[in-house]
There are 2 protein chains.
Amino acid sequence: MNDEPRWLTAEEQLVWRSYIEAATLLEDHLDRQLQRDAGMPHVYYGLLVKLAESPRRRLRMTELAKYAKITRSRLSHAVARLEKNGWVRREDCPSDKRGQFAILTDEGYEVLHRTAPGHVNAVRQAVFDRLTPEQQKSLGEIMRIVAEGLQPSEAGADLPWLR
Amino acid sequence: MNDEPRWLTAEEQLVWRSYIEAATLLEDHLDRQLQRDAGMPHVYYGLLVKLAESPRRRLRMTELAKYAKITRSRLSHAVARLEKNGWVRREDCPSDKRGQFAILTDEGYEVLHRTAPGHVNAVRQAVFDRLTPEQQKSLGEIMRIVAEGLQPSEAGADLPWLR
DNA sequence: CCCAGTTTGTTTAACTTTCAAGGAACCGTC
DNA sequence: GACGGTTCCTTGAAAGTTAAACAAACTGGG
């Protein structure tokens, strides 16, 4: 046991600062882009995408929350809003009476269809067009590692002191 | 001119998904960690850090907003809250009567001093401890590029069609 | 069965962020 | 010296997020 904090080195600090800045600017940028062109924030857009990719364009609330990495509470509010927009509707789960499906409506699909090109373009412009293929690959690997480390996934993962 | 959307390739999609997931999970993780241990969200913590790093622990509001990559409006609310906590105080700028300094109080410095080790630790655990030195370097380069591309910085940068 | 414990999804209130608007001070020019 | 335009920062309302608490439905061991 060593309580002495291991501060970040100068290089690490620079890396971390770059990360925070880029992540902040990027999320802001995409939020504004989508708010303007699609009338919803980035997270909500992501929800529609997940639904569109799913069989029968539907997912159980908990599933959707898991895929989107958000809490069920947040999802509950979000779907309520999307429902009000007519882009998502709900349906009761027959096998589990607690359950709800969130279902992408045709109208929701339309919005996605209409706004996806602009969004992809924004992502390209901000990220992929600026990186070499090696950097893209590298970014993927790095973020995959970070994401895995933060998943409340595997058994025992939440009991790190046992490992 | 080509209106045909350039969709992301399968590989690019995977990279992008990893990025979104990691960024979401990471921000959530740090927000919770700081909310729990320091009683404020990550962005607010970042503001205190910027102030602590500044000469005389003070910055003009606009400067602080620029460094933290947030809008002045957002900063205005944030500082109001931090002020209420006694961690920041304001002072009028003598040379420009519109101006305000945000100043880190001793109490604010104390909070930072007390909570920084835990935060650094969280960052290490989530990011640096999982990456090789090469990956860390790579991440820094990549994020620096992305951040630069999104800065509302250079002249003409907001008129890309002229370049 | 039954009951304790879990899972599902929602709700409320507190908080944070965004958007649009605005007041006040500055700056340059006529 | 006053006018138009800009910059600095704040404000209030609307939208989004979080945390905690909750009801309802499921689950499994006794």
Side-chain angles (χ1 to χ4, degrees), chain A residues 23-25 27-47 58-85 87-103 152 158, chain B residues 23-25 27-47 58-85 88-103 152:
Chain A
T24 305
L25 290 168
E27 187 56 24
D28 264 36
H29 183 66
L30 297 181
D31 259 339
R32 277 184 228 294
Q33 186 266 316
L34 284 172
Q35 192 68 57
R36 176 166 51 76
D37 299 345
M40 68 190 123
H42 191 202
V43 180
Y44 289 28
Y45 182 88
L47 296 176
R58 71 188 58 204
L59 280 174
R60 286 286 295 272
M61 293 293 279
T62 296
E63 289 298 302
L64 182 48
K66 196 185 317 174
Y67 293 155
K69 316 297 179 202
I70 64 177
T71 61
R72 289 196 308 264
S73 171
R74 187 174 176 180
L75 178 63
S76 211
H77 291 294
V79 168
R81 201 281 226 170
L82 293 172
E83 204 177 12
K84 209 170 292 177
N85 282 278
W87 299 336
V88 168
R89 66 186 177 79
R90 297 167 195 258
E91 205 166 285
D92 290 340
C93 176
S95 60
D96 184 339
K97 284 177 185 166
R98 297 166 304 178
Q100 291 257 106
F101 283 104
I103 306 175
D158 48 341
Chain B
T24 304
L25 290 168
E27 187 56 22
D28 265 35
H29 183 66
L30 297 181
D31 260 340
R32 277 185 230 293
Q33 185 266 316
L34 283 172
Q35 193 68 59
R36 176 166 51 75
D37 299 345
M40 68 189 125
H42 191 201
V43 181
Y44 289 27
Y45 182 88
L47 296 176
R58 72 189 57 205
L59 280 174
R60 285 286 294 272
M61 293 292 280
T62 296
E63 289 298 301
L64 182 48
K66 195 183 320 175
Y67 293 156
K69 315 298 179 202
I70 64 176
T71 61
R72 288 197 303 267
S73 171
R74 188 175 177 181
L75 178 63
S76 215
H77 289 296
V79 167
R81 203 275 226 177
L82 292 172
E83 205 177 9
K84 209 171 290 178
N85 282 277
V88 167
R89 65 187 177 81
R90 298 169 194 257
E91 205 165 284
D92 290 340
C93 176
S95 61
D96 184 340
K97 284 178 186 166
R98 296 166 306 179
Q100 289 259 105
F101 283 104
I103 306 175

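The sequence lines fix the lettering, A, B, ..., with proteins before strands; numbering per chain opens at 1. Because the structure is a prediction, the values reported are computed rather than measured.
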*Asks:* Rounded to whole angstroms, how far apart are CZ on A:R90 and P on C:dT8?
*Replies:* 16 Å
*Asks:* Could you tell me whether the side chain of A:R90 reaches within less than 4.5 Å of the side chain of A:F101, counting heavy atoms only?
*Replies:* no
*Asks:* Roughly how far, to the nearest 0.5 Å, is OG1 of B:T71 from NZ of B:K66?
*Replies:*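 If I round to the nearest 0.5 Å, the distance is 14.5 Å.
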*Asks:* How long is the line joining CG of B:L82 and P of C:dC15, in whole Å?
*Replies:* 14 Å
*Asks:* Looking for any heavy atom pair under 4.0 Å, which part of the strands does B:R36 touch: base, sugar-phosphate only, or nothing?
*Replies:*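 It contacts nothing in the nucleic acid.
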*Asks:* Heavy-atom nearest nucleotide on DNA chain D for A:S73 versus A:G39: which residue maps closer to 5'?
*Replies:* A:G39
*Asks:* Mind calculating the distance between NE2 (A:H77) and C1' (D:dT18) to the nearest angstrom?
*Replies:*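 After rounding, the reported distance stands at 8 Å.
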*Asks:* For DNA chain D, whose closest nucleotide is more 5', that of A:R81 or that of A:D96?
*Replies:*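 The residue whose closest nucleotide sits nearer the 5' end is A:R81.
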*Asks:* Taking atom P of D:dT17 as reference, at what distance in whole Å does atom CG of A:L75 sit?
*Replies:*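 In whole Å, D:dT17 P and A:L75 CG are 11 Å from each other.
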*Asks:* Taking side chain as C-beta onward, heavy atoms only, is A:Q100 less than 4.5 Å from A:V79?
*Replies:* no
*Asks:* OP1 or OP2 of D:dA19 sitting under 4.0 Å from any side-chain N/O of A:R74?
*Replies:* no
*Asks:* Write down the distance between CG (B:D28) and P (D:dG16), rounded to a whole number of angstrom.
*Replies:*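 Those two atoms, CG and P, are 17 Å apart.
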*Asks:* Which heavy atom of B:M61 sits nearest a heavy atom of B:A102, and at what distance?
*Replies:*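 Closest approach of B:M61 to B:A102: SD-CB, 4.0 Å.
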*Asks:* When the distance from CE of A:M61 to C1' of D:dA25 is rounded to whole Å, what number comes out?
*Replies:*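 Interatomic distance, CE of A:M61 to C1' of D:dA25: 16 Å.
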*Asks:* Start at the 5' end of DNA chain C and walk down; is the nucleotide closest to A:F101 or to B:Q35 reached first?
*Replies:*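 Result of the comparison: A:F101.
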*Asks:* Would you say the side-chain atoms of A:D31 pair up with the backbone N or O of A:H42, donor to acceptor, closer than 3.5 Å?
*Replies:*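 The answer is yes, because a donor-acceptor pair under 3.5 Å joins these two groups.
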*Asks:* Rounded to whole angstrom units, what separation is found between the CG atom of B:D31 and the C1' atom of C:dC15?
*Replies:*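 Rounded to whole Å, this separation is 12 Å.
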*Asks:* Write down the distance between CZ (A:R98) and C1' (C:dG5), rounded to a whole number of angstrom.
*Replies:*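 Atom-to-atom, A:R98 to C:dG5, this comes out as 12 Å.
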*Asks:* Would you kindly compare A:R32 and A:Q100 by the position of their nearest DNA chain C nucleotide and give the one closer to the 5′ end?
*Replies:* A:Q100
